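Here the structure is laid out as structure tokens; the discussion comes afterwards.
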2 protein chains.
Amino acid sequence: MRNSVLSRALLGLLAGEPMSGYGLASLFKRTLARAWPARHPQIYPALAELERAGLIRVSEQGPRRRKTYAVTREGVAEAQEWLRATSPDRTVRNETILRLFMLWLLDAKEAAAFFDDEIAEHRRRLEGFEQTHAEDEAQRRIHGRAAGGPAFCAALALEWALRYEQEYVAWATSARDRIERDAAKWNAARGRRLASVDR
Amino acid sequence: MRNSVLSRALLGLLAGEPMSGYGLASLFKRTLARAWPARHPQIYPALAELERAGLIRVSEQGPRRRKTYAVTREGVAEAQEWLRATSPDRTVRNETILRLFMLWLLDAKEAAAFFDDEIAEHRRRLEGFEQTHAEDEAQRRIHGRAAGGPAFCAALALEWALRYEQEYVAWATSARDRIERDAAKWNAARGRRLASVDR
DNA sequence: AGGCCCATGTAATTTGTTACATGATTCG
DNA sequence: CGAATCATGTAACAAATTACATGGGCCT
């Protein structure tokens, strides 16, 4: 199966609820983008392949050529087997941390501004997650929710997002404050290192 | 410039210390892999291009055809301008969280085992970072370290890694415990959802 | 002498993104 | 009737991984 991760993710999502390619693309855009970005030019060919393999089928045709897909029994088995038999690839790609390794190239003021941007952006994300969490809690109080099923798993992911953003903001704030406090030392160390360039 | 992120990262790392392509590849493998994985088939062509563009130069030739590269003044300026003028792409790709969204496909016992694996792996990482941190602290007590320069930035990244892994282990442990405690509910919700497949 | 790591490169393939292309339906 | 959004697809390009390929130098 070409592109194992994306294909299995599509199976898993369709197992939770039958959807069209467009619906899946919106789901990736709205909630999954923070875990696994995927856009329609990847999704549509992958769905076509899953259908050929008999792991999903068109369960309904709607207006505007919409095709709603549902997993088959084989599709569920495939997704489960993938979860059981393989470990996640735990590689992360974090451009901000990569940039941090070269942040000493900027002066203390610019470095503090870098962290200011990070703090602002991650506070914004945190607020968004807090709001979603509050809405979820309200829903839960009305309808209840079992400790299982797709919604419960989504709630666990949201908890992680909250913790992550809180911790990130705390770390970035602490780093920013130290850079500002020791600005003179920061600039001196920078000067020493830059002096040895191109000689 | 083809592949802006990797090329700028190479400039930044070479600004910190002149190195060979092999040295850069080892650095990515040892310490940068957790922020930005990159391997030699990407690194060597990128270095060749940076040299053609005059942003780095061969500062030394060693045994086994080793070429040590150093940044030029233009290379430093380019890296600084990139840091100043562009914002990091904050997209993350986390296969574990993606899998979490479909974890309800497994029964409570298997789901708890999934978290057990995560906890074990991230505890291992945490221990590694704690050891590096202890070594850094010992070095700092002997030699001191200014609040700036490449080593200080690496220490900030290490702090983030420590916080991240601590928070991750705490979250995963809490999630695992709740799944185990409410195993019956988990399995019931799973059964309900799976029952509607392929009809 | 043989094994291991140093050291550099290219080719083939896979994965992901951006741009191009088209048309239907709904809502104001 | 015009704009927005729904809906699906392909083409071209960029980025990243895996496999292939080669040889030098060090250590025992």
Side-chain angles (χ1 to χ4, degrees), chain A residues 1-10 14 18-30 32-52 56-69 82 86 88-95 98, chain B residues 1-10 13-14 18-30 32-52 56 58-69 82 86 88-95 98:
Chain A
M1 189 186 311
R2 132 169 175 271
N3 201 342
S4 67
V5 177
L6 181 66
S7 297
R8 267 61 173 249
L10 295 175
L14 291 175
M19 261 180 288
S20 65
Y22 186 87
L24 287 161
S26 332
L27 188 58
F28 271 97
K29 198 183 171 190
R30 265 185 295 117
L32 277 164
R34 65 189 153 96
W36 198 270
R39 297 176 196 177
H40 81 269
Q42 257 190 298
I43 292 170
Y44 288 119
L47 287 173
E49 203 203 2
L50 288 170
E51 197 194 357
R52 277 196 303 277
I56 61 175
R57 68 196 164 79
V58 176
S59 68
E60 194 195 323
Q61 305 237 23
R64 304 181 190 101
R65 304 192 284 157
R66 189 179 70 228
K67 285 182 280 183
T68 300
Y69 290 99
W82 180 67
T86 64
D89 176 350
R90 297 189 183 86
T91 309
V92 292
R93 196 173 284 278
N94 186 327
E95 194 186 314
L98 180 69
Chain B
M1 189 186 310
R2 135 170 174 269
N3 201 343
S4 66
V5 177
L6 180 66
S7 296
R8 267 60 173 250
L10 295 175
L13 294 171
L14 291 174
M19 262 181 287
S20 64
Y22 187 86
L24 286 161
S26 330
L27 188 58
F28 271 98
K29 197 182 172 188
R30 265 185 296 118
L32 277 165
R34 67 190 150 97
W36 199 269
R39 297 177 197 179
H40 81 268
Q42 258 191 300
I43 293 169
Y44 288 118
L47 287 173
E49 203 204 0
L50 288 170
E51 197 194 359
R52 276 197 303 277
I56 62 175
V58 176
S59 68
E60 194 195 324
Q61 306 236 23
R64 302 180 193 103
R65 304 192 285 156
R66 190 181 69 229
K67 286 182 280 183
T68 300
Y69 291 98
W82 180 68
T86 64
D89 176 349
R90 297 188 181 89
T91 311
V92 293
R93 195 173 286 278
N94 185 327
E95 192 185 316
L98 180 69

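Every heavy atom of this structure was used, including side-chain atoms; hydrogens, water molecules and symmetry mates were not. First the proteins, then the strands, lettered A, B, ... as listed; each starts at 1. All of these numbers come straight from a predicted model, not from anything done at the bench.
- The separation between B:W36 atom CH2 and D:dT17 atom C1' is 15 Å, rounded to whole Å.
- Two residues are said to be in side-chain contact when any heavy atoms from C-beta on lie closer than 4.5 Å; B:Y69 and B:E51 meet this criterion.
- Under the rule for a side chain to side chain contact (heavy atoms under 4.5 Å, CB included), the partners of A:S59 that lie at least two apart in sequence or sit in another chain are A:P18, A:R57, A:T68, A:A70.
- With the nearest nucleotide of DNA chain C identified for both B:K67 and A:M1, B:K67 has the one nearer the 5' end.
- Using a 4.5 Å heavy-atom threshold, the side chains of B:S7 and B:M1 count as touching.
- For the ring-ring contact (aromatic ring centres under 6.0 Å, His included) test, no residue two or more places apart in sequence or in another chain qualifies with B:Y22.
- Counting heavy atoms from C-beta on, the side chains of B:R93 and A:R93 never come closer than 4.5 Å.
- Evaluation of the salt bridge (Lys or Arg N to Asp or Glu O under 4.0 Å) rule for A:R65 yields no partner, not counting sequence neighbours.
- Judged as a salt bridge (Lys or Arg N to Asp or Glu O under 4.0 Å), and not counting sequence neighbours, A:R66 has no contacts.
- Within residues 38-50 of chain B, the residues that place at least one heavy atom under 4.0 Å from DNA chain D are, in residue-number order, B:R39, B:P41, B:Q42.
- For A:T91, the side chain to side chain contact (heavy atoms under 4.5 Å, CB included) criterion is met by A:D89, B:P37, not counting sequence neighbours.
- Using a 4.5 Å heavy-atom cutoff, the side chains of B:L47 and B:L14 are in contact.
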Could I get a table of every N or O pair under 3.5 Å where one atom is in the protein and the other is in nucleotides 22-25 of chain D?
residue, atom, partner, partner atom, Å
D:dG24, N2, B:R64, NE, 3.1
D:dG25, O4', B:R64, NE, 3.3

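- Nucleotide D:dT17 holds its C1' atom 15 Å from the CZ atom of B:F28, rounded to whole Å.
- Taking atom OH of residue B:Y22 and atom P of nucleotide D:dC26, one finds them 14 Å apart after rounding to whole Å.
- When the side chain to side chain contact (heavy atoms under 4.5 Å, CB included) test is applied to B:A35, the partners found at least two apart in sequence or on another chain are A:I97.
- Each of B:G21 and B:T91 lies near DNA chain C, and the nucleotide nearest B:G21 is the one positioned closer to the 5' end.
- Every side chain to side chain donor-acceptor pair (under 3.5 Å) that B:E95 has, sequence neighbours left out, goes to B:R99.
- Legend: residues meeting side chain to side chain donor-acceptor pair (under 3.5 Å) with B:R90, ordered by chain and number and at least two apart, are A:E118.
- Summary of helix geometry: the two end axes of the helix from C:dA1-D:dT28 to C:dG28-D:dC1, each defined by five base pairs via their C1' atoms, are inclined to each other by 30° (rounded to 10°).
- In this structure, B:E95 atom CD and D:dA16 atom P are separated by 17 Å, rounded to whole Å.
- B:A9 and A:L98 get closest at one heavy-atom pair: CB-CD2, 3.8 Å.
- Look at CD on A:E51: it is 13 Å from C1' on D:dT8, rounded to the nearest Å.
- In summary, contact between chain A and DNA chain C, defined as any nucleotide atom under 4.0 Å from a heavy atom of the protein, begins and ends at C:dT15 to C:dT26 in the 5' to 3' direction.
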